[in-house]
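Per chain, numbering begins at 1; letters A, B, ... match sequence-line order.
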Protein chains: 2
Amino acid sequence: MTNRRDAVRDILVHSEGFRSAQDIYAQMRSDGAKIGLTTVYRALQALADAGQIDVLRTDDGESVYRACATGTHHHHLVCRRCGRTVEVAGPAVERWAEAVGAEHGFTAITHTVEVFGTCPSCSAIASAG
Amino acid sequence: MTNRRDAVRDILVHSEGFRSAQDIYAQMRSDGAKIGLTTVYRALQALADAGQIDVLRTDDGESVYRACATGTHHHHLVCRRCGRTVEVAGPAVERWAEAVGAEHGFTAITHTVEVFGTCPSCSAIASAG
DNA sequence: CCGATTTTGACAACGGTTTTCATTCTGGAG
DNA sequence: CTCCAGAATGAAAACCGTTGTCAAAATCGG
């Protein structure tokens, strides 16, 4: 039964930004779901393995997950204040990464790129307050 | 006394790629140094705070450190096989990150970029073996 | 040398993640 | 429906890197 897995994915699909496993677990429990933390982790791993969600590590070592709109390669622009996330394509970076790798004779280039900033709403709040 | 701190930095300076705290600790002990793991962590934090070393998280949540040649902003091209690291400047990425942020109205843009690949030596080994 | 301050490091605590293992659920066979 | 095998589940323990605690040791100023 992948019932729980679907439930976990559902949370992610309806979330704006990245969510942590514990976060998702807490929400499911407060929604009344009978699910264990273990199962949340397992569902998350399964989804990540299936390429249905993205995973990345925060600076404090927590894994965060997000259901991405597309299955294609892209990066994220994340608001450091509210967590709002925008998916961005970056042909320029892809080319840059390839070029940099090639320049040093490296092959099979991959890369991780994350852009952080303060979103318009949060900027407004910040400058107002 | 920053004796230990210097010792820790020394290890990093003479290392090719990124090293983990535990890794550094192990090496110092096997070199005969009388030092505690706690102190290694503290030294690493101090060095990172002083901007003398770079820190990043591996995919499995471990923090790894590296003494960088320059104090200016740059990124890393890391061999996924042997860990060899090349510091690369990427004006193009900087501009791209700024542009992407601005395009969505985000301010105070920062970014993390890491490029991974297989270095020439390791490529040779791989194709040979 | 003496006291104040800092540094050190063994050990415990922490927190997120993973493993363990007994229980529950599922689906097919009889 | 009952029985069984295999998969899924989840509570609790184990793990592991990291951080905090606190007493002992080193260092500095006088």
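- The side chain of Gln22(A) has dG16(C) as its nearest neighbour among dG16(C), dG9(C), dT18(D).
- Here the side chain of Ile35(B) is nearest to one of dG9(C), dG16(C), dT19(D), namely dG9(C).
- In this structure, CE of Met28(B) is placed 9 Å from P of dG9(C), rounded to the nearest angstrom.
- Proximity note for Ser63(A) (side chain, C-beta onward) versus dT17(C), dT18(D), dA12(D): the nearest is dT17(C).
- You'll find that the side chain of Arg4(B) is closest to dT8(C), out of dT17(C), dA12(D), dT8(C).
- In the set dT20(C), dT17(C), dA10(C), dA10(C) carries the atom at the smallest distance from any side-chain atom of Arg29(B).
- A donor-acceptor contact under 3.5 Å is formed by the side chain of Thr38(B) with the base of dG20(D).
- When each of dT8(C), dT18(C), dT18(D) is scored by its nearest atom to the side-chain atoms of Tyr41(B), the top-ranked nucleotide is dT18(D).
- Residues Glu62(B) and Arg19(B) are not paired through a salt bridge, judged by the lack of any N-O separation under 4.0 Å between the basic side chain and the carboxylate.
- Atom CG of Asp60(B) and atom P of dT17(C) are 12 Å apart (whole Å).
- Other residues, nucleotides and ligands contribute over 12 non-hydrogen atoms within 6.0 Å of the CG atom of Asp31(A).
- Comparing dT9(D), dT18(D), dT17(C) against the side chain of Thr39(A) picks out dT9(D) as the nearest.
- In this structure, Phe18(A) places its CZ atom 18 Å from C1' of dG16(C), rounding to the nearest Å.
- With rounding to whole Å, Leu37(A) atom CG is found 15 Å from dA13(D) atom P.
- If you measure from atom OH of Tyr25(B) to atom P of dG9(C), you get 9 Å, rounded to the nearest angstrom.
- Remark: the Glu94(B) side chain and the His75(B) side chain contain an N/O donor-acceptor pair separated by less than 3.5 Å.
- Under the 3.5 Å distance criterion, with hydrogens and angles disregarded, a donor-acceptor pair is assigned to the side chains of Arg80(A) and Thr110(B).
- No hydrogens or angles considered: nothing links the side chains of Glu98(A) and His111(A) as a donor-acceptor pair under 3.5 Å.
- Computed from coordinates, the Arg42(B) CZ to dA10(C) C1' distance equals 11 Å when rounded to whole Å.
- We find that CD of Gln45(B) is positioned 15 Å from C1' of dG9(C), with the value rounded to whole Å.
- In this structure, CG of Asp6(B) is placed 13 Å from P of dT7(C), rounded to the nearest angstrom.
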